[in-house]
Amino acid sequence: MKKFRKLSNMLLLATVILLASFSSQASSLSFDYPKFTEDLYNQFKHDGPNGSVFYQDAIQVTPDTNGGEMRNKSGRIWYGKPLKLWSQKKNVTASFNTSFVLNITPQPPKSGNPIPNNLTWGHGIAFVLSGQADPIPENSYGSWLGIVNETTTGKTRIVAVEFDTNGNYSEDGDRNHVGVDVYSSRSIVQEPLAPNGVNLSSGKDVAVNLRYDGIAKKLDVYVFMSSDAGGNQSKKPIISMNISLSDLLPRRVFVGFSASTGEYAELNCVRSWSFSSTKIDDDGNLLWLLGIVIPLVLLVVVVVSVVWYKWRKRRRANDVENSMVEQQIQSSASAPQKFQLKDLKRATGNFDSKNELGRGAFGIVYRGVVMNKEVAVKRLKNSGNGKQEFIAEVKSIGNLHHKNLVKLVGWCHEGNELVVVYEYMPNGSLDKMIFREADTRVPRLTWERRHAIISGVAQALDYLHNGCANRVLHRDIKASNIMLDSEFNPRVGDFGLARIVMSDGKTHHSTEIAGTPGYMAPESFLIGKATVEMDVYAFGVLTLEIACERKPGVQIEENNYGNRIVESVWLLHTRDRLIDAIDAEANLSYDQELQVECVLKLGLACCHPNPHERPSMRTVLQVLKGEADPPPIPKERPFFIWPAMPPVGVNEIMEESLATGQLSPISFLTSGR
Ligand SMILES: *[C@@H]1O[C@H](CO)[C@@H](O)[C@H](O)[C@H]1NC(C)=O
Ligand SMILES: *[C@@H]1O[C@H](CO)[C@@H](O)[C@H](O)[C@H]1NC(C)=O
Ligand SMILES: *[C@@H]1O[C@H](CO)[C@@H](O)[C@H](O)[C@H]1NC(C)=O
Ligand SMILES: *[C@@H]1O[C@H](CO)[C@@H](O)[C@H](O)[C@H]1NC(C)=O
Ligand SMILES: *[C@@H]1O[C@H](CO)[C@@H](O)[C@H](O)[C@H]1NC(C)=O
Ligand SMILES: *[C@@H]1O[C@H](CO)[C@@H](O)[C@H](O)[C@H]1NC(C)=O
Ligand SMILES: *[C@@H]1O[C@H](CO)[C@@H](O)[C@H](O)[C@H]1NC(C)=O
Ligand SMILES: *[C@@H]1O[C@H](CO)[C@@H](O)[C@H](O)[C@H]1NC(C)=O
Ligand SMILES: *[C@@H]1O[C@H](CO)[C@@H](O)[C@H](O)[C@H]1NC(C)=O
Ligand SMILES: *[C@@H]1O[C@H](CO)[C@@H](O)[C@H](O)[C@H]1NC(C)=O
């Protein structure tokens, strides 16, 4: 709960800051600088030491370079906080009243041309209002007054009151005037100052008072020599004009000064500045704040805390579950290694489809590299009961060690991700070798190799069924689940469907039917559980496939395979022509032909429609080693009869039961299609 309190405190703090920022925006802009000492510089937005600076208690708007070039310069400075000029919602514009003292002192050129007596100096200073506190535009010296330059003139939302000491335009009355400029340095209204007793470039202080009436949309400009203050100063404004600043400027504006020099230079100083504006009544904002923002914040606090609480609870549960799963796995001897998800992601390029090796019933397999070793990373599909399957898979494989089984290198269980890591099989899966289609680049397997593969798979299955402490059913034996190592030894893989089965044969976990069409024993569809005999049947189909190098069945329609390989091989057996099942290219010796017949008969025995007639994997192994003959198989492929009878003359029992009516056999015509 500590964390939660911290979280809610943070949210409260955020609310307070939000409130504060809203209320500060609603307040008026007001300041008073009787002088500009350097410590106040940071309260302004400026262009640094090469721009406007504070020097000798004044703003040196154009650079006051120590003995350096002062010609063709411009500078600009803004007060740090914006003025809220107008409000759309309440349709009001702020009124403001600002006073400042200018001092403009002509500077003789350091070198070059002397001032001709019909020229004065340049260029002037301006009070500016703009939506952006932009730095000074390049090349805004001379008559641009630092307001705009050739590129930005007419394109910048800037309004200025200029105090011009060097007019350039023909309409500029004289070199001592005041004007109002909109989006440029060109005045829309201007008045000469001399008639008002003001000489801007006299080097003496000039006082200015600007008053803007936000209701009447009226601007009044008063200019007078500071020495006249209180006495000779004009009682009437020099400029009084109707101007709607709310139409010309954005809602929020910065206020400041700009100035420039040209071919002839002057010092452009602002000695003092005061500003005050009316408050734009934003009660609406405050109400909006109280009515919406606060409830919203409270809602967020509630939602976040609920989500957080749930997440924590789930994480705790997950932790317990995870550690239980871990214990289950780690408790087994020679446990596979636990990996971190991020390491496996890195190993597989974040499960990049480029690294995909194949897709199994339970997930996608990717090639990866961990600790400089190639591995096959199987990312399990996240089904509802994926965790149980995961436990089953890791447990069963972790405990199994056989030279013909794919070894489990490690596993990972993080959140909903269930991943297993197998050793990498460089030669891929068996189906690619035997179902080559027309790909002649893949060499055919020699008979010895085929026999070795069949024997290897048989050993692995015998180990699973009879060799380990708990019987394991594979449940999905097929060519694509048999991997080939670097020496083409078969390795049985994909234990995704494996279930621990008690040695007494009773199923331990649920065993819903699973498998691949073409490999499934006929009874699979009638009994809802996996059996040893079903594994044997699938092995029989696989044996015929490997021996004949052909697919188990032809797909008749979607998910419907005729067990053609079993039918056709059995038909050859009926005709005593089993050897014809093998391709002529195989070039078999007489001994090998005998072996071929033996293996094919074994395969057919495993595919007997009656599960009770199928040999055990132990018997299969003995036959393959040449220690026993293949079990006898009928010349004709028997019908599939259910329930299957124990192996005593099947036909007699069938007739008897039909006669007594005790049994209602379901027969499937699985031969002679
Ligand atoms: C100021 O200008 C000088 C010379 O033009 C230059 O070397 C220096 O880097 C500039 N300083 C800044 C902060 O722009
Ligand atoms: C000032 O700029 C003008 C052109 O705008 C140029 O002709 C003049 O030489 C420049 N003077 C100095 C001192 O840079
Ligand atoms: C805002 O108020 C002015 C008068 O002060 C009026 O002329 C104008 O039409 C109003 N604008 C809007 C959008 O209400
Ligand atoms: C503006 O300020 C000046 C002094 O700075 C003051 O005399 C004048 O009354 C003010 N005008 C308004 C409308 O506030
Ligand atoms: C400056 O004065 C001289 C002579 O007095 C005149 O020829 C010249 O045109 C004047 N220049 C300007 C820009 O007025
Ligand atoms: C005007 O100023 C802008 C911004 O500093 C700059 O990008 C542009 O090049 C300038 N125009 C000229 C003609 O110098
Ligand atoms: C000043 O005026 C001259 C001629 O009237 C013109 O060529 C020049 O562009 C003007 N300078 C500025 C910065 O507008
Ligand atoms: C303004 O003052 C300057 C400097 O003292 C002087 O040269 C100039 O003639 C004066 N102008 C007027 C119009 O009095
Ligand atoms: C007021 O102005 C007149 C002429 O403009 C001048 O003679 C007089 O000395 C001034 N008075 C003061 C107190 O500055
Ligand atoms: C400004 O507008 C008012 C009406 O709002 C009008 O009486 C006055 O003459 C106008 N002033 C100018 C200089 O246009």
Side-chain angles (χ1 to χ4, degrees), residues 30-36 52 56-62 77 79 95-107 120-129 145-147 159-167 171-182 185 187-214 216 218-243 245 255-261 266-277:
S30 171
F31 55 84
D32 185 10
Y33 291 96
K35 59 182 182 179
F36 296 94
S52 304
Q56 291 187 338
D57 289 350
I59 306 175
Q60 310 291 331
V61 186
T62 42
I77 193 162
Y79 180 64
S95 297
F96 61 84
N97 182 1
T98 181
S99 299
F100 45 89
V101 171
L102 303 177
N103 185 289
I104 297 171
T105 306
Q107 297 292 301
T120 50
W121 19 83
H123 261 263
I125 195 164
F127 171 80
V128 284
L129 300 118
L145 290 175
I147 299 168
V159 171
V161 178
E162 65 167 38
F163 303 89
D164 198 337
T165 62
N166 190 331
E171 61 266 38
D172 280 349
D174 65 1
R175 297 185 175 106
N176 182 34
H177 67 265
V178 61
V180 175
D181 304 347
V182 174
S185 59
S187 304
I188 55 169
V189 167
Q190 61 174 314
E191 288 297 327
L193 287 170
N196 296 285
V198 173
N199 185 349
L200 284 175
S201 43
S202 62
K204 295 188 180 125
D205 287 356
V206 175
V208 178
N209 179 220
L210 304 178
R211 295 174 197 174
Y212 185 67
D213 183 337
K218 184 161 152 273
L219 177 68
D220 289 339
V221 181
Y222 298 82
V223 186
F224 51 92
M225 302 306 288
S226 287
S227 53
D228 289 343
N232 259 347
Q233 117 190 42
S234 159
K235 296 284 178 278
K236 274 175 60 187
I238 295 178
I239 291 177
S240 180
M241 69 184 296
N242 292 335
I243 181 169
L245 291 182
V255 290
F257 296 97
S258 72
S260 71
T261 63
E266 63 190 19
L267 286 176
N268 296 301
C269 305
V270 177
R271 283 190 185 276
S272 65
W273 185 19
S274 68
F275 191 101
S276 73
S277 76

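Numbers here simply count residues along the sequence, with the first being 1.
When only modelled atom types and interatomic distance are considered, Glu266 and Thr165 share a side-chain donor-acceptor pair under 3.5 Å. A donor-acceptor contact closer than 3.5 angstrom is absent between the side chains of Asp228 and Ser226. In summary, the side chains of Glu162 and Ser187 do present a donor paired with an acceptor at a separation below 3.5 Å, with no hydrogens or angles considered.
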Next on the checklist: Assess the residue pair Phe100 and Ile125 against the criterion (side-chain contact (heavy atoms from CB on, under 4.5 Å)); give the C-alpha distance rounded to whole Å, side-chain angles, the decisive distance to 0.1 Å, and a yes or no.
Outcome noted: CA-CA 12 Å; Phe100 45 89; Ile125 195 164; over 6 Å; no
Item to check | Residues Thr105, Asn103; criterion side chain to side chain donor-acceptor pair (under 3.5 Å); working and verdict | outcome: CA-CA 6 Å; Thr105 306; Asn103 185 289; 2.8 Å; yes
Checklist entry - Could you go step by step and tell me if Val270 and Val61 meet the side-chain contact (heavy atoms from CB on, under 4.5 Å) rule? => result CA-CA 7 Å; Val270 177; Val61 186; 3.9 Å; yes
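Using a 4.5 Å heavy-atom threshold, the side chains of Val206 and Phe224 count as separate. Side-chain contact between Lys204 and Met225 is present, with heavy atoms from C-beta onward closer than 4.5 Å. Side-chain contact between Ile147 and Asp181 is present, with at least one heavy-atom pair separated by less than 4.5 Å. Using a 4.5 Å cut-off on side-chain heavy atoms (C-beta onward), Val159 and Leu245 make contact. Using a 4.5 Å cut-off on side-chain heavy atoms (C-beta onward), Pro237 and Val221 make no contact. The closest side-chain heavy-atom distance from Asn268 to Gln60 is not below 4.5 Å.
Scored by the side-chain hydrogen bond (donor to acceptor under 3.5 Å, both in side chains) test, Ser30 finds no partners at all (sequence neighbours excluded). In terms of the ring pair (Phe, Tyr, Trp, His ring centres under 6.0 Å) criterion, Tyr222 has no residue partners (sequence neighbours excluded). Legend: residues meeting side-chain hydrogen bond (donor to acceptor under 3.5 Å, both in side chains) with Ser240, ordered by chain and number and at least two apart, are Asp220.
The aromatic rings of Tyr79 and Trp273 sit perpendicular to each other, their planes meeting at more than 60°, with 30° as the lower class boundary. Taking the six-membered ring where tryptophan is involved, the planes of Phe127 and Phe275 are essentially parallel, since the angle between them stays under 30° and well short of 60°.
Note on Arg271 versus Asp57: no salt bridge recorded, every NZ/NE/NH1/NH2 to OD/OE distance being 4.0 Å or above.
Nearest heavy atoms, Ile239 versus Val180: CD1-CG2, 4.3 Å.
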